[in-house]
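Presented below is the structure to which this report refers.
Proteins get letters first, then strands, A, B, ... in listed order; numbering begins at 1 in each. The structure displayed is predicted, hence computed values, not measured ones.
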Number of protein chains: 2
Amino acid sequence: MRHSSSIEDYLEAIMLLADGEEKVTVTRISQAMGVKKPSVTSAVTRLVENGLAKHEKYGEIHLTGQGRKIARDVYKRHQALKRFLIDILAVKEEVASEDACRMEHYLSSMSLERLDKFIEYVMECPQGKPLWLQGFNYYLVHGKRNPEYMAVCSPRCGNAPGDTENSRNKELD
Amino acid sequence: MRHSSSIEDYLEAIMLLADGEEKVTVTRISQAMGVKKPSVTSAVTRLVENGLAKHEKYGEIHLTGQGRKIARDVYKRHQALKRFLIDILAVKEEVASEDACRMEHYLSSMSLERLDKFIEYVMECPQGKPLWLQGFNYYLVHGKRNPEYMAVCSPRCGNAPGDTENSRNKELD
DNA sequence: CCTTTTTGTTAGGCTGATCTAACAATTATG
DNA sequence: CATAATTGTTAGATCAGCCTAACAAAAAGG
């Protein structure tokens, strides 16, 4: 079952507050999310109805296992999107965070998986920051390719080891 | 001013129908979007109220200049996201399209610009499909890096021409 | 041209998500 | 501990966006 982006936002905010060793209260959620307190009360009621949180009147709010799982998933998507925007597209952090906040609700698990692997592939390159990514930065700044990077783009004219004509993506779907 | 994702969806659908030389009617929009006709009538009313479309009773629906502009922007975001997912992350088309449909409403203009440039940089590499991307495909399939691709990852250990310690992203923000 | 079919609109209901205003419970403090 | 301040809830409104049912207008076809 899929939950609304609003619900996901509340779950995420509650998880982050709880992880920060904070007592999770209506007021704190309200401040963290920039909504009024009655909105929080009613949202929390919705969470409870959906089995995603526990809340006794005037007491603290806690996520259930299910709620926590969803919150973690949302947060994973948030982080993946944000890292991609910042580390690869060189979008400035503030904008990246806002975009991630909005898009985090809509990335499928398949795309998330691929995005995670892509970031890992790029950023954990055992030989440092990939040259092609530096080349992309150059391209962003100067509006054209730097021939010195291009030399490395595809030395064998696109034929890579073991990559025959149509091997691309064949085993992926 | 920002419009809701629902409004953007209607604009996009109307534009695509119109581009397809079709008469844009309530019924066609309804079919194209998978919503009932009264929903379309009321959505179109909202479009008209916002100056995004024209519609005389029982007649055809046309976008205004403003409406068309927004529709085009949405569609650009859609295409950029979809191309990225398919061509770079190797997500299968069906999933990519769905993801793009949902995320297209939430990508900032800054991120779109960067994403477009990134795709251009990668896909229009003058020497063919970049080796590193082929390496990523290998990584997806086999779960590990192919040493033959790695040799090309960053030959000079991360020091690229003219790339001194902190030049990264400096001129970008 | 009259009737049937298709198309479009109106009316009215529901849900999620927000808000303000007013009130109730809890906590802090002199 | 009594009162003030803070915190939380309730009540009630609004809005977008969808739906179904019923009706009205337009188009098609004998």
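Spacing between atom NE2 of H105(B) and atom P of dA16(D) amounts to 17 Å, rounded to whole angstrom units. Distance E49(A) CD to dG16(C) C1': 11 Å, rounded to the nearest Å. Counting to the nearest Å, the P atom of dT26(C) and the CD atom of E60(A) are 14 Å from each other. In this entry the distance linking NZ of K36(B) with P of dC23(D) reads 20 Å, nearest Å.
Residues of residues 5-21 of chain A that place a heavy atom closer than 4.0 Å to DNA chain D do not occur.
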Per-pair distances, 0.1 Å, donor-acceptor, side chain in residues 35-45 of chain B, under 3.5 Å, sequence neighbours excluded:
from, atom 1, to, atom 2, distance (Å)
T41(B), OG1, K37(B), O, 3.4
S42(B), OG, S39(B), O, 3.4
T45(B), OG1, T41(B), O, 2.8

Under 3.5 Å, which donor-acceptor pairs do the side chains of residues 116-124 of chain B form with other protein atoms, sequence neighbours left out?
from, atom 1, to, atom 2, distance (Å)
E120(B), OE2, Y139(A), OH, 2.2
Y121(B), OH, W132(A), O, 3.2
Y121(B), OH, F136(A), N, 3.4

Acceptor/donor pairs from residues 66-74 of chain B side chains to any protein atom, 3.5 angstrom cut, sequence neighbours excluded:
from, atom 1, to, atom 2, distance (Å)
R68(B), NH1, L63(B), O, 3.4
K69(B), NZ, D73(B), OD2, 2.7

What are the atom names and distances for every N/O pair under 3.5 Å that joins the protein to nucleotides 8-15 of chain C?
from, atom 1, to, atom 2, distance (Å)
dG8(C), OP2, T27(B), N, 2.8
dG8(C), OP2, T27(B), OG1, 2.3
dG8(C), N7, K37(B), NZ, 3.4
dT9(C), OP2, T41(B), OG1, 3.0
dT10(C), OP1, K57(B), NZ, 3.0

Are there any protein N/O atoms within less than 3.5 Å of an N/O atom in nucleotides 1-5 of chain D, and if so, which ones and at what distance?
none

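Note on residues 52-96 of chain B: pairs passing ring pair (Phe, Tyr, Trp, His ring centres under 6.0 Å), not counting sequence neighbours, are F84(A)-F84(B). Listed by first and then second residue, the salt bridge (Lys or Arg N to Asp or Glu O under 4.0 Å) pairs that reach into residues 100-110 of chain A are D99(A)-R102(A), sequence neighbours excluded. Within the structure, side chain to side chain donor-acceptor pair (under 3.5 Å) pairs that include any residue of residues 23-35 of chain A comprise E22(A)-R28(A), R28(A)-Q31(A) (at least two apart or interchain).
Counting non-hydrogen atoms under 4.0 angstrom, S39(A) reaches a base of the nucleic acid.
Counting only heavy atoms from C-beta outward, the side chains of L47(A) and I14(A) approach each other to under 4.5 Å. Residues V141(B) and N137(B) have side chains not in contact (no heavy-atom distance under 4.5 Å, counting atoms from C-beta outward).
Residues satisfying the side chain to side chain contact (heavy atoms under 4.5 Å, CB included) test with S97(B), not counting sequence neighbours, are K82(B), E93(B). With sequence neighbours left out, E8(B) forms a side chain to side chain donor-acceptor pair (under 3.5 Å) with R77(B), H105(B). Judged as a ring pair (Phe, Tyr, Trp, His ring centres under 6.0 Å), and not counting sequence neighbours, the contacts of Y106(A) are Y106(B).
If you find the closest nucleotide of DNA chain C to Q31(B) and to V35(A), the one lying nearer the 5' end belongs to Q31(B).
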